[in-house]
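Working notes for the structure below.
All values reported here derive from a predicted model rather than from experimental measurement. Within every chain, numbering begins at 1; the chains are lettered A, B, ... in the order of the sequence lines, protein sequences first and strands thereafter.
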Number of protein chains: 2
Amino acid sequence: MLEQIEQPLQIVSSWNAYQAACPTRLMLNRIADKWTVLVLGLLENETKRFSTLQREIGGISQKMLTQTLRGLERDGLIARTVYPEVPPRVEYKITPLGNTLVGLLAALRDWSETHMDEVLQAQRDYDQAQQAASNPEAASGVRVVRF
Amino acid sequence: MLEQIEQPLQIVSSWNAYQAACPTRLMLNRIADKWTVLVLGLLENETKRFSTLQREIGGISQKMLTQTLRGLERDGLIARTVYPEVPPRVEYKITPLGNTLVGLLAALRDWSETHMDEVLQAQRDYDQAQQAASNPEAASGVRVVRF
DNA sequence: CCGTATCCTTCGTGATACTG
DNA sequence: CAGTATCACGAAGGATACGG
C-alpha cells in the first residue's frame, strides 16, 4: 500500500529563502500574492466555480483570476475540473497540499483585518512626523508636543 | 497605568479583505511582499544595521531594501534609530506590533522551504501534462500512460 | 555608512474584443 | 460560462551616480 516510489537519486536539499537563486523565492512570490490569499481563502471549505470566485472577490479582473488559478493549479495547490456540459462548467477545489497552506494564509488575512487600525494610525503618525520634519513650523503657530 | 487614551469617536469597523476598496488589501500587499517576509525574519530576534541586512538578504538592491524598510517603518512594524556618529550608524528593530506578525511570516517561509519539493514536482507534472495535451504523440512513438 | 535621485527596462494589470 | 488574445499603460525593480 505504502510502497515507496523509487526516488531518482534525490539530493537532500535544504532550501533557504535568503539565497537569491532559491526557488522558495518564487514560492514566496506566489504565496504572498494578494489574489492567491483571497482565492485560496474562498476555496478553503468548498469547491467553487470561476464566476462565483470572480463575484466574491471584489475588484479582480477576469485575466488576473485566470492567471492566479492557473498558477495555483500548476503549483499543485488547487485542482481544476471541467464538466463536459453545455454550457461548460469548471470547478476549482483545494488539494491536500493546498490545505497545508490555507491556514497560514487565513492567519495573514486575519492579522490584516485585526491590526488594520493600528497600522493606519502608525501611518498617520509617520506621515505627520515627516511633514513636521520637512516643514518645521509651517502648518500653524501651534507647537505640537508628542509624548 | 493602563489608563485608556481617549478615542476619537471611532467607528467600529470590521475590515474585509474581499472588498475591493478595503485597506487590508494594501496590508496584504505589504505583508505578502517577498522582501518584507525576509527583512522581518532577520529582525525577529535582533536589531540590525542597513548594511547587515543587505548582506544577509541575497539579491536585494539598495533601493528595494530602503523602500521596504521605509514602508515597514511607516506601518509601525519596525523602528529606525539613527546614531549621530561619524560614520553614521542606523539600526532597525522590530516593534511590538511587528512582533505580532513576524511569527506568521516565519511560518510562511518555513512552509515554502518545507513544501518546495512537492511544488516543484507538481509544476513538472503540470508542464508535462500541458505538453502532452498540446502535442499528443509528437515527442516520441511511446504512448504515455497516466494513472 | 546610509542613503536619495535618476534613468531605463521589464513586468503586472486592466480594458477590450473574440472563441468553444 | 469560461476562458484566450491583444494592446496599452503605469508601477516595480535594477543599475548607476551622487550627497549628508
Side-chain angles (χ1 to χ4, degrees), chain A residues 19-21 25-39 42-43 47-75 78-93 126 129-131 133-134 136, chain B residues 20-21 25-26 28-39 42-43 47-74 78-93 126 129-130 133-135:
Chain A
Q19 300 295 322
R25 283 282 179 86
L26 299 177
M27 208 50 229
L28 272 182
N29 274 347
R30 177 169 311 293
I31 290 176
D33 186 75
K34 61 173 173 178
W35 301 129
T36 292
V37 177
L38 298 175
V39 168
L42 288 176
L43 296 177
T47 296
K48 298 213 173 185
R49 305 182 58 172
F50 187 92
S51 51
T52 307
L53 290 169
Q54 187 169 22
R55 189 170 354 100
E56 294 182 340
I57 302 177
I60 193 171
S61 68
Q62 195 176 42
K63 177 180 174 181
M64 289 316 298
L65 181 54
T66 298
Q67 196 170 302
T68 303
L69 289 170
R70 286 292 169 285
L72 289 174
E73 187 193 0
R74 180 168 184 264
D75 289 347
I78 65 174
R80 176 176 183 267
T81 310
V82 182
Y83 296 90
E85 307 169 354
V86 183
R89 183 162 57 100
V90 180
E91 290 192 342
Y92 296 90
K93 71 164 189 286
Y126 181 90
Q130 289 302 104
Q131 171 79 16
S134 67
Chain B
R25 282 282 179 85
L26 300 176
L28 273 182
N29 274 347
R30 176 169 312 293
I31 289 178
D33 186 76
K34 62 175 173 180
W35 299 130
T36 292
V37 176
L38 298 175
V39 167
L42 288 176
L43 295 178
T47 294
K48 298 215 173 184
R49 306 183 56 173
F50 186 93
S51 50
T52 307
L53 290 169
Q54 187 167 23
R55 189 169 354 99
E56 294 182 340
I57 302 178
I60 194 171
S61 66
Q62 195 175 39
K63 177 181 173 179
M64 289 315 297
L65 181 53
T66 299
Q67 196 170 303
T68 303
L69 289 170
R70 286 293 168 283
L72 290 174
E73 188 193 359
R74 180 167 183 267
I78 65 174
R80 176 176 183 268
T81 310
V82 182
Y83 296 89
E85 307 169 353
V86 184
R89 183 162 56 99
V90 180
E91 290 192 342
Y92 296 90
K93 70 165 190 288
Y126 181 90
Q130 289 302 103
S134 68
N135 225 357

Distance check needed: [N] [atom2] versus [X] [atom1], whole Å only.
X	N	atom1	atom2	result
B/E73	C/dC2	CD	C1'	14 Å
A/W35	C/dG14	CH2	P	6 Å
A/E91	D/dC1	CD	C1'	13 Å
B/M64	D/dG14	CE	C1'	10 Å
B/Q54	D/dG13	CD	P	16 Å
A/E85	D/dA2	CD	P	10 Å
A/Q67	D/dA2	CD	C1'	16 Å
B/K34	D/dG14	NZ	C1'	11 Å

Q) Should B/L28 and A/L38 count as side-chain neighbours, where that means a heavy-atom distance under 4.5 Å? A)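 With C-beta onward as the side chain, the pair touches.
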(Q) Tell me whether the side-chain N/O atoms of A/S51 come closer than 4.0 Å to OP1 or OP2 in D/dA2. (A)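 Result: yes.
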Q) Reckon B/R49 has a side-chain N or O less than 4.0 Å from the OP1 or OP2 of C/dC2? A)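 Yes, because at least one side-chain N or O of B/R49 sits under 4.0 Å from OP1 or OP2 of C/dC2.
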Q | With sequence neighbours excluded, residues passing side chain to side chain contact (heavy atoms under 4.5 Å, CB included) with A/V82 | A |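 A/V82 satisfies side chain to side chain contact (heavy atoms under 4.5 Å, CB included) with A/R80, A/V90 once adjacent residues are dropped.
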Q. Rounded to the nearest 0.5 Å, how far apart are OG1 of A/T36 and NZ of A/K34?
A.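 These two atoms lie 11.5 Å from each other.
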Q | Euclidean distance, A/F50 CZ relative to A/R89 CZ, rounded to 0.5 Å | A |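 Between atom CZ of A/R89 and atom CZ of A/F50 there are 16.0 Å.
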I'd like a list of close polar pairs between nucleotides 4-9 of chain C and the protein, N/O only, cut-off under 3.5 Å.
{"from": "C/dT4", "atom 1": "O4", "to": "B/Q62", "atom 2": "OE1", "distance (Å)": "3.4"}

(Q) Both A/G59 and B/L69 contact DNA chain C. Which one's nearest nucleotide lies toward the 5' end? (A)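 Going by which nucleotide is closer to the 5' end, it is B/L69.
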(Q) Could you report the tightest heavy-atom contact between B/Y92 and B/L53, atom names first, then the distance? (A)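 Closest approach of B/Y92 to B/L53: CD1-CD1, 4.2 Å.
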Q) Is there any side-chain hydrogen bond (donor to acceptor under 3.5 Å, both in side chains) pair reaching into residues 48-66 of chain A, and which pairs are they, with sequence neighbours excluded? A)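 Only A/K48-A/E56 qualify under side-chain hydrogen bond (donor to acceptor under 3.5 Å, both in side chains).
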Q: With the side chain of A/Y92 defined as its heavy atoms from C-beta on, choose the nearest nucleotide among C/dG14, C/dC2, D/dG3.
A: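 The answer is D/dG3, which lies nearest to the side chain.
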Q) Should A/E91 and A/K93 count as an ion pair when the cut-off is N to O under 4.0 Å? A)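 Salt bridge absent between A/E91 and A/K93.
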